[in-house]
Amino acid sequence: MKKKILLKEQIKKFYEKLRENYNFYGPIEENGNIVFSKILDPEDIILNYYNSKIPPKSVILPQKEILFEYEKKGDEIEIEEPENIEEKNIIFGIRPCDAHSFYLLKNFFEYGEYEDTLFTRKRKNTTLIGIGCNTPRQTCFCTSLGGHPFKKEDMDIFLVDLGEKYLVKSISKKGEEILNQISWLSDATKSDIQKAEKLSKTAEELISTEIDIEKAISILKNNFNHPIWKEISENCIGCGSCAFLCPTCHCFDVIDEEDHYNNRGKRIRIWDTCQFTLYTLETSGHNPRPSKIERCRNRILHKFSYYPSNYDLIGCVGCGRCINWCPANNDLRIILKKINKIDKKEESIVA
Amino acid sequence: MVNRLSTIQEQNTKIEQLIRDKALKLLKEDEVDAIIGYSSGTIPFKTCPIIIRSEEDVDKLIWNNFCAMNLAKYLVPLIPTLKDEEGKNLRVGIIAKGCVGRALIHLAAEKQLDLKKIKMIGIPCNGIINRSQLLRELQQEEILEASISDDEIILKGRNFQKKFPIKEYLNELCKKCEVKSPPKIPDLVEACVGECQEISAIEQDFEDVSEFESKTSEERWEYIKELLSPCIRCYACREACPMCYCSLCFVDQKLPRWFGKTTELSETIVFHLVRAMHLAGRCVACGACSSVCPMGIDLHLITRKLEQIVKERFDFTSGLDPQIAPPMHQFKMEDKQEFILEEE
Amino acid sequence: MHKENPYIPKITTIKSIISENDVNDIKTFELVFDKSEDYKNFKYIPGQFSELSIFGKGECPIGIASSPTEKDSIKFTIKKMGTVTTAFHNMEVGEKIGIRGPLGNGWPIEQMKGKNIIIIGGGFAFSTLRSLTEFILDEKHRDDYEDLLVIYGNRNPGEVLYKNDIKCWQKRDDIEVILTIDNEAEGWDYKVGYVAPVVKEVGPSPENALVAVCGPPIMIKTTIDVLEELNFKGVQILNSLEMRMKCGIGKCGRCNVGDKYVCIDGPVFSLAELRKLPDEY
């Protein structure tokens, strides 16, 4: 399909057309934070931003999600599936790193004998209209992880910000179907396309962090009991900032909420993190990860060792949110560089 | 002594030197095994808490107006790397701005640590800069460098450079702070090397709270709702607070489950307000909770209001004297109970 | 591949509740599926577990105590320990329980064929070992397996689970049952001593044998030491791990040991496999 142009002043029209059939999510500013929210007024859409505070995974994997609802009718129990799974969503303005996180999350929730259909169905019903990063942040390192500020493969429609307008490219069938419905987009010119290519190159050059991830992955296959974990976890305070702002973190807790008086209730899931003490605490009192040392280690290993081992993928997209918001400035780039300094001798895992 | 008339930049240099001199002395004279302090951060506005154990590392210790974390957090419960192989506690030194000192003293009042086993390197803090406020001022601009020059903070981005007067952009709690260096402990003068101050009570008028107080119930409720709605329940505020050391926080209790852990506004409000109540008479106004919040929630008004109530009702300010039991830990016959009993 | 919402339980009704011990904090619940097709689809092997729901209170992962050869109902033995298990103990016959499963990998019953099977259990953890024992003893399968030895230890006689089942086993000649309790007790006719020294005393041969071990961590550790002294190899010793679980299907993340999830790659692991995993369980 031909590349098109969407003028920034046409975004309102774009939104009006699409929201007829889709829940249109985009970046807005709320209390000083950029978050992906359902757009009620297209004037709210923020076009000039680096990335959102809360990753767009929150659109289809929200902090609180109903797994099912139940009602007690006499002796019987009736169960109801959550309602909004088949709704169609558009996430507008997603960055390539976050779009890649959707790929990683889909892979995880689909994997194995049991598919998490709540996520996979919502994912199927969600179209990603992403925008390349003309100016990556200092804390971005997507290129070290196989990403790129203009990576478009994980999206359905890819936009490049050319100033007053966007270059529009359909990537998937889903994207093409949407663009076919919008007849008023003008064609892109050769100079538009050339400008976009130039922007892609400049963006890549702006990424200042380079980490040898493959080396880290191979070192992390061993060294489970290496003393470096004590050093790395020393100033961690054990909050959930890194995990909750991480586009690839997906762990959750399951809780029942009961409405006694009306004999009904729901089972919900909420975001959880391996950084919390209670995460692995057993009723007997035994905790396989009793201190921050084990918990910090688990997070790094999960992303850079278990993920590659199980799915041949890296569980991090280099968005830099954890680096920007960790209270103790526990910088993931520094952690990976420290790991890379470990002597690559084989260390057995058994203590 | 750091001269208050010098610029903030000059003060920072002097304070940093004070820290390094005292730290080196403590390590050289084998008075401590480890020192907890701040090191340079990897991004603007951040410093990285660090634990040094040898004299060579003393130069890693820094001081600037981005030292937001309350280092007392690492002592209760004592982090695993501050114990030796046999599980015995190491002797610890700690860089103590006023609120860190207050936190240590209050923890001692709550019998959570032994001040005899700690060496505070007292410093006269000149305030912590309000990162959230400056980020909001700059809207979506990326700040590549934040540096302190004289009494200004200079923020540099790709295409801009802006200056702000530090005093106007300090954390709200820092603006009202009267305990800039750790309180002197009468029977335990040796607990503090460096600078500390004689102080037995603060002289606040809590003017900033009166504006909040003049709001109607409905207005206050709207304020609280708007303040707390961005919360994502990451508990960074709780984990950064030195007074939140309960082994099982009320949020995590299941038998009974008091309320939920979702981001439903009602549940979030209960969490923050109950936590605030649990901090009445214990909070040392360090502002770490607000500094670490990834969503930029600033709890200072709630903190200040509580501090005002405690001062008014119990004539108490936390963290000034380890011998005085905090008001929520005891009951005195003189305590006002107008909410249960009719006034005589 | 299961394509429906994996978090929605099927409904069962409690058919019977049997108290298994003197202090009455361990009970066996017999559950019957409300819909016969749900029962037909619930094909399990010994060693698997299910996530049992008490609507409004929560879910807990419980090993299946019945053998698939016992028809029409599924049994679970539950100890009263936390929120959900306490709620279980307050349930009555006729009330509804949600069930998701069967989950986990189970004991490797195919691999066990043609071998001597040694079952070693301690205390309350004997649940899935009962399932395995009943399965092997069933007339349809007994000839698939060689000698069957069961060593079961408890703190005191009152704590022995499945007393009636054990009495039946003791009457048979195709199974050897050795019971032991920690300290002497009046009226106890069997062995006295911790499980590990009893295993040592019995001295089973590693020749063509597989061992299934379940129990509290200290018992497992000491028993494994003894088994290794008796020349059992790591691949011959099978262990069922317990971890905190929520989803039971490998999605919530919390039961991982290294790159394995106990709920889907386990809970049964051989000692050889465990030795390759980090010591985080």
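The figures here come from the full heavy-atom set of this structure, side chains too, leaving out hydrogens, waters and symmetry mates. On a predicted model such as this, the values are computed, not experimentally measured, just so you know. Lettering of chains follows the sequences in order, A, B, ..., and the numbering in each one begins at 1.
Atom CZ of A:Arg267 and atom NZ of C:Lys57 lie 12.0 Å apart (nearest 0.5 Å). To the nearest 0.5 angstrom, A:Ile77 atom CD1 is 9.0 Å from C:Ser53 atom OG. Between the CG atom of C:Asp34 and the CD atom of A:Glu76 there is a distance of 6.0 Å, given to the nearest 0.5 Å. Taking CZ from A:Phe252 and SG from C:Cys247, the interatomic distance works out to 4.5 Å, rounded to the nearest 0.5 Å. The line from CG of A:Asn225 to CG of C:Asp279 is 7.5 Å long, rounded to the nearest 0.5 Å. Here the OG1 atom belonging to A:Thr280 is positioned 8.0 Å from the CD atom belonging to C:Glu280, to the nearest 0.5 angstrom.
Using a 4.5 Å cut-off on side-chain heavy atoms (C-beta onward), A:Glu81 and C:Ile8 make contact. Inter-residue side-chain proximity for C:Pro6 and A:Glu115 is flagged as unmet; no heavy-atom pair is nearer than 4.5 Å. Between A:Pro288 and C:Val257, the closest side-chain pair of non-hydrogen atoms is not below 4.5 Å.
Around CZ of C:Arg155, the count of heavy atoms belonging to other residues, nucleotides or ligands within 6.0 Å does not exceed 12. Summarising the local packing, CD of C:Gln48 is surrounded by more than 12 heavy atoms from other residues, nucleotides or ligands at distances under 6.0 Å. Residue C:Asn90 qualifies as enclosed at atom CG: its count of foreign heavy atoms under 6.0 Å is above 12. Heavy-atom contacts from other residues, nucleotides or ligands closer than 6.0 Å to NZ of A:Lys64 number more than 12. Annotation for A:Tyr103: atom OH does not count as buried by contact number, only 12 or fewer foreign heavy atoms lying within 6.0 Å. The number of heavy atoms from other shown groups lying within 6.0 Å of NZ (A:Lys174) is above 12.
Within the 4.5 angstrom heavy-atom criterion, no atom of A:Ile85 approaches chain C. Only the side chain of A:Tyr311 comes within contact range of chain C, with heavy atoms under 4.5 Å apart. Residue C:Leu103 touches chain A through its side chain alone, counting heavy-atom pairs closer than 4.5 Å. If you measure heavy-atom distances from A:Phe108 to chain C, the contacts under 4.5 Å come from both the backbone and the side chain. At a 4.5 Å heavy-atom cutoff, the contact between A:Arg269 and chain C is made by side-chain atoms alone. Residue contact with chain C, scored on non-hydrogen atoms closer than 4.5 Å, involves the side chain of A:Pro82 exclusively. Using a 4.5 Å cut-off between heavy atoms, C:Pro217 makes no contact with chain A at all. For A:Lys266, no part sits under 4.5 Å from any heavy atom of chain C, backbone or side chain. Proximity to chain C involves both the backbone and the side chain of A:Ser284, based on heavy atoms less than 4.5 angstrom apart.
Side chain of C:Lys246 to main chain of A:Asp253: no donor-acceptor pair is present (N/O by atom type, distance under 3.5 Å, no hydrogens or angles). Put simply, the side chain of C:Asn5 gets close to the backbone of A:Leu67: a donor and an acceptor are under 3.5 Å apart. At distances below 3.5 Å, at least one donor-acceptor pair connects side-chain atoms of C:Arg244 with backbone N or O atoms of A:Leu278. Judged purely by atom type and a 3.5 angstrom limit, A:Asn310 uses its side chain to pair as donor or acceptor with the backbone of C:Asp259. In this structure, A:His286 contributes its side chain and C:Met243 its backbone to no donor-acceptor pair below 3.5 Å. A donor-acceptor pair is defined here as one N or O able to donate and one able to accept, closer than 3.5 Å; such a pair exists between the side chain of C:Lys251 and the backbone of A:Phe109. Distance alone, capped at 3.5 Å, places no donor-acceptor pair between the A:Tyr111 side chain and the C:Gly250 backbone.
Taking both residues in full, the closest heavy atoms of A:Cys251 and C:Gly253 are given as SG-CA, 3.7 Å, listed atom of the first, atom of the second, then distance.
The residues A:Asp272 and C:Arg254 are annotated as salt-bridged, a charged nitrogen and a carboxylate oxygen being separated by less than 4.0 angstrom.
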Evaluate the criterion side chain to side chain donor-acceptor pair (under 3.5 Å) for residue pair A:Asp116 and C:Tyr7; output intermediate values, then yes/no.
CA-CA 8 Å; A:Asp116 185 316; C:Tyr7 301 107; 2.5 Å; yes
Evaluate the side chain to side chain donor-acceptor pair (under 3.5 Å) criterion for residues A:Asn298 and C:Asn256: first the C-alpha distance (whole Å), next the side-chain angles of each, then the deciding distance (0.1 Å), finally the verdict.
CA-CA 9 Å; A:Asn298 183 68; C:Asn256 77 305; 3.2 Å; yes
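In this pair, A:Tyr70 and C:Phe55 present their aromatic rings tilted. The plane angle is within the 30 to 60° band.
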